[in-house]
Amino acid sequence: MTDILKNFKLWSQTSTDDLPSLRPKLEFKNIDSFSPTEKETMWEYLERLFFLSGQISYYDKYNKEFDNLIVATIEILNHEYKYFSYGKLYLSVSSLESAQEDFRNIFFNEKQSVILEMFSFYIRAFLINVRSFVRANFYKKSDESDDEYEERINLEAYKKFDDFANNLNDVFDQFSTNFILTRMGFVPRQEDKIIKQIYEPVLALLSDKKWKDVNRELKDAFNSYQQATDQGYSDCLTHAITAIEAFLQIMLYGKTGKGTLSVLIKDATSKSVIPNDVFSNNIFSNLEKILSVSRKKSGNAHPKEDYATEKNARLILNLAMVFIQHSLQSVN
């Protein structure tokens, strides 16, 4: 039987010339540069996503139970940043309504770094809640090891997280926001092909606990980039290169340890832990030179000649992701 819906095409699918008028392609923008009208419109979509998804209980690391993820977000934001106390209304009146109003005020009045930090607290709370829900509804099988059970729990939890991330990223995409949400947290937006073909597959592979030290460095790199400061970009560059070192150490020894980048690349290729063909060797040799020069000039491991720029930091982030992807795909 023919599916009549498959035969029906939307106007945007048949007349691509008109697509820019329906969904304009804008340059990636920092939320700080949005006009009041853009922020108002964007908030209409974000409010539905965050407030509706937040209508579930949450139990956080401070051993306190919350009735709502919005409440959890504002309370923990205040706890972590007491000097600024961004959720001022909630400090005076601890209610869902005051927490929601603080959430709105922060989006409209604070810088992007604070907004993304607030979103991050919310999403962490969302993940904890989803994982608890999955654990309560998925029982361990008799022939399943503890590690296999935990892996199955994480996979189910990630399905719900991915749904949330896709909805949030659709809003971010249509407003050309310069960050997207991944399993690793918020990362700088790249061209769609780079995100789909490199960032998302790599971060999905690295979600295994085996790579937790690599994840930590990459997460610190993304967080530093997010600060959008000279110091932040230099920190980003340093963490990205350290992530490559941690990746090579785990590939070689099963855990992080000692070893400079040049020695690690040499040992990894000689032992065929990473690709050892002529093409890869040439790439890795040039990559090692680029990373070493970048770390010496703008990184924080040694006295730097100058701070890194946004372009420098993004380049090193992309190189790190491509290196890890090429190594994993070629060896596995």
Side-chain angles (χ1 to χ4, degrees), residues 147 151 154 182-185 187-188 190 194-226 232-305 308 311-332:
D147 286 344
E151 180 66 19
N154 286 334
T182 71
R183 293 182 180 184
M184 190 79 70
V187 303
Q190 312 282 351
I194 296 177
I195 291 294
K196 294 295 182 185
Q197 296 179 16
I198 300 175
Y199 271 67
E200 290 181 354
V202 169
L203 295 178
L205 287 170
L206 293 179
S207 61
D208 188 287
K209 65 180 181 180
K210 170 184 178 180
W211 306 108
K212 63 181 179 65
D213 291 332
V214 181
N215 282 334
R216 184 184 65 244
E217 294 299 331
L218 284 176
K219 192 174 296 184
D220 287 344
F222 296 143
N223 289 339
S224 298
Y225 184 95
Q226 181 180 312
Y233 293 136
S234 289
D235 288 340
C236 169
L237 185 149
T238 302
H239 286 300
I241 296 174
T242 304
I244 294 178
E245 290 178 336
F247 172 79
L248 288 171
Q249 288 163 359
I250 293 171
M251 292 286 278
L252 281 166
Y253 314 119
K255 61 180 181 180
T256 54
K258 296 180 180 179
T260 61
L261 184 62
S262 59
V263 173
L264 288 167
I265 290 179
K266 182 179 179 181
D267 288 350
T269 51
S270 66
K271 296 178 182 179
S272 295
V273 171
I274 59 177
N276 194 18
D277 55 274
V278 174
F279 178 72
S280 295
N281 280 335
N282 286 331
I283 290 177
F284 292 154
S285 175
N286 290 325
L287 177 63
E288 190 273 323
K289 292 175 185 176
I290 293 170
L291 295 178
S292 295
V293 170
S294 298
R295 173 184 268 174
K296 181 180 178 181
K297 183 178 180 181
S298 305
N300 291 327
H302 308 285
K304 51 183 167 284
E305 298 175 19
K311 289 183 178 180
N312 297 150
R314 183 179 294 187
L315 172 62
I316 299 303
L317 271 178
N318 287 345
L319 287 174
M321 301 300 284
V322 170
F323 175 87
I324 292 172
Q325 183 194 48
H326 181 65
S327 298
L328 287 173
Q329 287 185 345
S330 299
V331 174
N332 290 340

Item to check | Audit row: L317, C236, side chain to side chain contact (heavy atoms under 4.5 Å, CB included) steps and yes/no | outcome: CA-CA 8 Å; L317 271 178; C236 169; 3.7 Å; yes
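- Ring geometry for Y199 against F222 counts as tilted: the plane angle lies between 30° and 60°, on a 0 to 90° scale.
- Rounding to the nearest 0.5 angstrom, the gap separating the OH atom in Y233 from the OG1 atom in T238 is 14.5 Å.
- Separation of atoms NE2 (H326) and CD1 (I198) is listed at 12.0 Å; rounding is to 0.5 Å.
- Although no hydrogens or angles enter the test, the distance criterion places no donor-acceptor pair under 3.5 Å between the side chain of T269 and the main chain of N276.
- Under the 3.5 Å distance criterion, the side-chain polar atoms of S327 are left unmatched by any main-chain donor or acceptor of I324.
- At least one donor-acceptor pair under 3.5 Å links the side chain of Q325 to the backbone N or O of Q197.
- For the atom pair W211 CH2 and L328 CG, the distance stands at 5.5 Å (nearest 0.5 Å).
- At least one donor-acceptor pair closer than 3.5 Å links the side chain of Q249 to the backbone N or O of G257.
- In this structure, L203 and M321 have side chains that are in contact, with non-hydrogen atoms separated by less than 4.5 Å.
- Distance check: L218 CG to M184 CE gives 5.0 Å after rounding to the nearest 0.5 Å.
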Next on the checklist: I'd like to know whether L264 forms a side chain to side chain contact (heavy atoms under 4.5 Å, CB included) with M251, so could you lay out the CA-CA distance, the side-chain angles of the two residues, the decisive distance to 0.1 Å, and finally the verdict.
Outcome noted: CA-CA 10 Å; L264 288 167; M251 292 286 278; over 6 Å; no
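- In this structure, D213 CG and T256 OG1 are separated by 4.0 Å, a value rounded to the nearest 0.5 Å.
- Separation of atoms CG (L206) and CD1 (I250) is listed at 9.0 Å; rounding is to 0.5 Å.
- The minimum heavy-atom distance linking S224 with D235 is given by the pair OG-CB, 3.4 Å.
- Of all heavy-atom pairs spanning A268 and L248, the tightest one is CB-CD2, 3.9 Å.
- Proximity of T242 to D220: side-chain heavy atoms (C-beta onward) are nowhere separated by under 4.5 Å.
- What you find for A240 and I316 is that their closest heavy atoms are CB-CG2, 3.9 Å.
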